[in-house]
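Each residue takes its place number in the sequence, starting with 1.
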Amino acid sequence: MTTPPHPHPHPHPLVAGARRLAAEVLAPRAEQVDQEGVPASSIEAVKRSGLLGLSAPVEYGGSAVPAAVARETAEILAGACCSTWFVQTQHHTPVMTLAKSELPVRERLLGPLARGELLSGVAYAQLRAYPRVPVRVTRERGGWRFDGTVPWYTGWGLNDVMLLAGVTDADEALFAFTEARARPGLRPSPPMRLAALTAARTVSLELDGLWLPEEAVALRTPYETWAAADRPKNTNASPAVFGITASALGLLADGDPAARESARALRDRLDEVRRQAYALADHPVPSERIEERLAVKTRAYDLMRAATTAAVVAGGGRAMDLGSPAQRLAREGMFLLVQGQTAEVRAAHLGSLAAPY
């Protein structure tokens, strides 16, 4: 495991904590986790680390860190064990949803989530299929009834609660919290076997009359209002991409002279693309400079693919062993190519791949 480029000499305490967690818990068992699944012990270590509340309000037990600190911790965790990073990264959307909510569920759950007493998953990506409505929400008995299919839900068996979303008959996006467990009206599929991140325990969820009370609702807003805020988010490069890239470069740096030379050249490119990506992420208007954001995102993908491929090439036949970090990083990189993918991101990426050399 390697740290991101140019680490600060005096890092934020949560960055230092993320490095300790990565070095002592996540990286040493990453290959085992990849094959056997994220264990409860890794999740307990994440809960104890304080990282689950890094963006939460201080008055609820969080740390309210700057975006740069949140990005750096994500790089570190993803570079150490992408499966564990992916489980815990789901948690931050529920936390920020509650932080902005004025509904009663905020007082019930924001503190436990911010302090790491509870881990939350998310079941809302299906909203992006609109005008198809994979999950329909209707009024029933003073609460809300959920029917349909959540195609992807990560962290099943590890999460305590989930933030579940659907679309109402009035074309509202409605988000509500519920326990992450099987029961009448909520049935998980068997865990999915994936080319990468099977360890993150992803399932689909069948909803057949799942009833949640009004006090479970965290957000209810016109669909277009939610979508307008959601659309720009995935145009930015993910810190996890830079974390995987940095770890692949760490493997190269430990190799022969040709591998080390490749690492030096690629690290210079990593520094530049990372700087561009984060400058755009910090732009005050998320809906502006979309084409530039997409171009930088695809360059980040290209760089990750080059770094993970170089790590496999440098490892030779040994890299094909399932105990090799090189092949794991290559597969995790493949996963990140489609994680959170929207039609806009997919079109931009395919256009970049089809461009002449």
Take atom CZ in Arg141; do more than 12 heavy atoms of anything else shown fall under 6.0 Å from it?
yes

Tell me whether the count of non-hydrogen atoms from other residues, nucleotides or ligands lying under 6.0 Å of CD in Glu291 goes above 12.
no

Check this for me: Arg318, atom CZ, are more than 12 non-hydrogen atoms of other residues, nucleotides or ligands nearer than 6.0 Å?
no

Compare all side-chain heavy atoms of Gln327 with those of Asp321 and state whether any distance is below 4.5 angstrom.
no

For the CZ atom on Arg183, are there more than 12 heavy atoms of other groups (residues, nucleotides or ligands in this structure) within a distance under 6.0 Å?
yes

Nearest-0.5 Å distance, CG of residue Asp230 to CG of residue Leu127
8.0 Å

Connected via hydrophobic side-chain network under 4.5 Å: Tyr153 and Leu163
no

Between CG of Leu205 and CE of Met162, what distance do you get to the nearest 0.5 Å?
5.0 Å

Enter the distance from Arg136:CZ to Leu174:CG here, rounded to the nearest 0.5 Å.
12.0 Å

Ser120 and Leu113 have their tightest heavy-atom pair at CB-CD2, 3.9 Å

Can you name the one residue among Thr89, Asn159, Val122, Val87 that meets side chain to side chain contact (heavy atoms under 4.5 Å, CB included) with Thr154?
Val87

Would Glu272 and Arg275 pass as an ion pair if we require N to O under 4.0 Å?
yes

What's the separation between atom CD in Gln339 and atom CG in Leu197, rounded to the nearest 0.5 Å?
9.0 Å

Does any N or O in the side chain of His349 come within less than 3.5 Å of the main-chain N or O of Thr298, such that one atom is a donor and the other an acceptor?
no

How many angstroms lie between OH in Tyr60 and CZ in Arg106, if you round to the nearest 0.5 Å?
4.0 Å

Go through it in stages, so that I can follow the logic: the residues are Thr149 and Leu207, the test is side-chain contact (heavy atoms from CB on, under 4.5 Å), and I'd like the CA-CA distance, side-chain angles, deciding distance and then a yes or no.
CA-CA 6 Å; Thr149 301; Leu207 306 172; over 6 Å; no

State, to 0.1 Å, how close Ala311 and Ala326 come at their nearest heavy-atom pair, and which atoms those are.
O-CB, 3.7 Å

Kindly indicate whether the side chain of Leu212, heavy atoms from C-beta on, has any atom under 4.5 Å from the side chain of Phe146.
yes

Test your reading of the model: is there a side-chain donor-acceptor pair from Asp34 to the backbone of Cys82, 3.5 Å cut-off?
no

Return the CG to CG distance between Leu219 and Leu103, rounded to the nearest 0.5 Å.
8.0 Å

Are Glu215 and Arg108 side-chain neighbours, meaning at least one heavy-atom pair lies under 4.5 Å?
no

Side-chain donor-acceptor contact under 3.5 Å, Gln35 with Glu31
no

Val33 and Ser83: which non-hydrogen atoms are nearest, and at how many Å?
CG1-CB, 4.3 Å

Within the side chain of Thr198, is there an N or O that forms a donor-acceptor pair under 3.5 Å with the backbone of Leu194?
yes

When every non-hydrogen atom of Gly79 is compared with those of Ser247, the smallest separation belongs to O-OG, 2.7 Å

Could you tell me if the side chain of Leu210 sits less than 4.5 Å from the side chain of Leu164, heavy atoms only?
yes

On a heavy-atom basis, which atom in Leu158 and which in Val38 lie closest, and how many Å separate them?
CD2-O, 3.8 Å

Please lay out, stage by stage, how Val15 and Thr73 fare under the test side-chain contact (heavy atoms from CB on, under 4.5 Å).
CA-CA 6 Å; Val15 171; Thr73 61; 4.0 Å; yes

Looking only at heavy atoms, the pair that brings Met320 and Val312 closest together is CE-CG1, 3.7 Å

Looking at Asn234 and Gln341, would you say the former's side chain and the latter's main chain have a donor-acceptor pair under 3.5 Å?
no

Using a 4.5 Å cut-off on heavy atoms from C-beta on, say whether the side chain of Val69 contacts that of Leu54.
no

What I want to check is whether the side chains of Arg29 and Ser41 have a donor and an acceptor closer together than 3.5 Å.
yes

Should Leu336 and Glu332 be marked as a side-chain contact (heavy atoms from CB on, under 4.5 Å) after you check the CA-CA gap, both sets of side-chain angles, and the distance that decides it?
CA-CA 6 Å; Leu336 293 178; Glu332 290 172 347; 5.7 Å; no

Are any side-chain N or O atoms of Ser101 and backbone N or O atoms of Leu98, one a donor and one an acceptor, separated by less than 3.5 Å?
no

Verify, without hydrogens or angle tests, whether Thr308 (side chain) and Met304 (backbone) share a donor-acceptor contact under 3.5 angstrom.
yes

Answer yes or no: is there a donor N or O on one side and an acceptor on the other, between the side chain of Arg187 and the main chain of Glu206, under 3.5 Å?
no

So if I apply the side-chain hydrogen bond (donor to acceptor under 3.5 Å, both in side chains) rule between Asn236 and each of Arg71, Lys297, Arg293, which one comes out positive?
Arg293

Please walk me through it: do Arg331 and Arg328 pass side-chain contact (heavy atoms from CB on, under 4.5 Å)?
CA-CA 5 Å; Arg331 289 186 291 106; Arg328 172 179 56 82; 4.1 Å; yes

Under 4.5 Å between side-chain heavy atoms, hopping through other hydrophobics if needed: is there a path connecting Trp85 to Leu119?
yes

Before accepting this row, confirm whether a basic side-chain N of the pair Glu72/Arg274 lies closer than 4.0 Å to the acidic partner's carboxylate O.
no

Any ion pair linking Asp302 and Arg299 (charged N to carboxylate O, less than 4.0 Å)?
no

Using the ring of each side chain (for Trp, its six-membered ring), is Tyr223 parallel, tilted or perpendicular to Tyr130, with breaks at 30° and 60°?
parallel

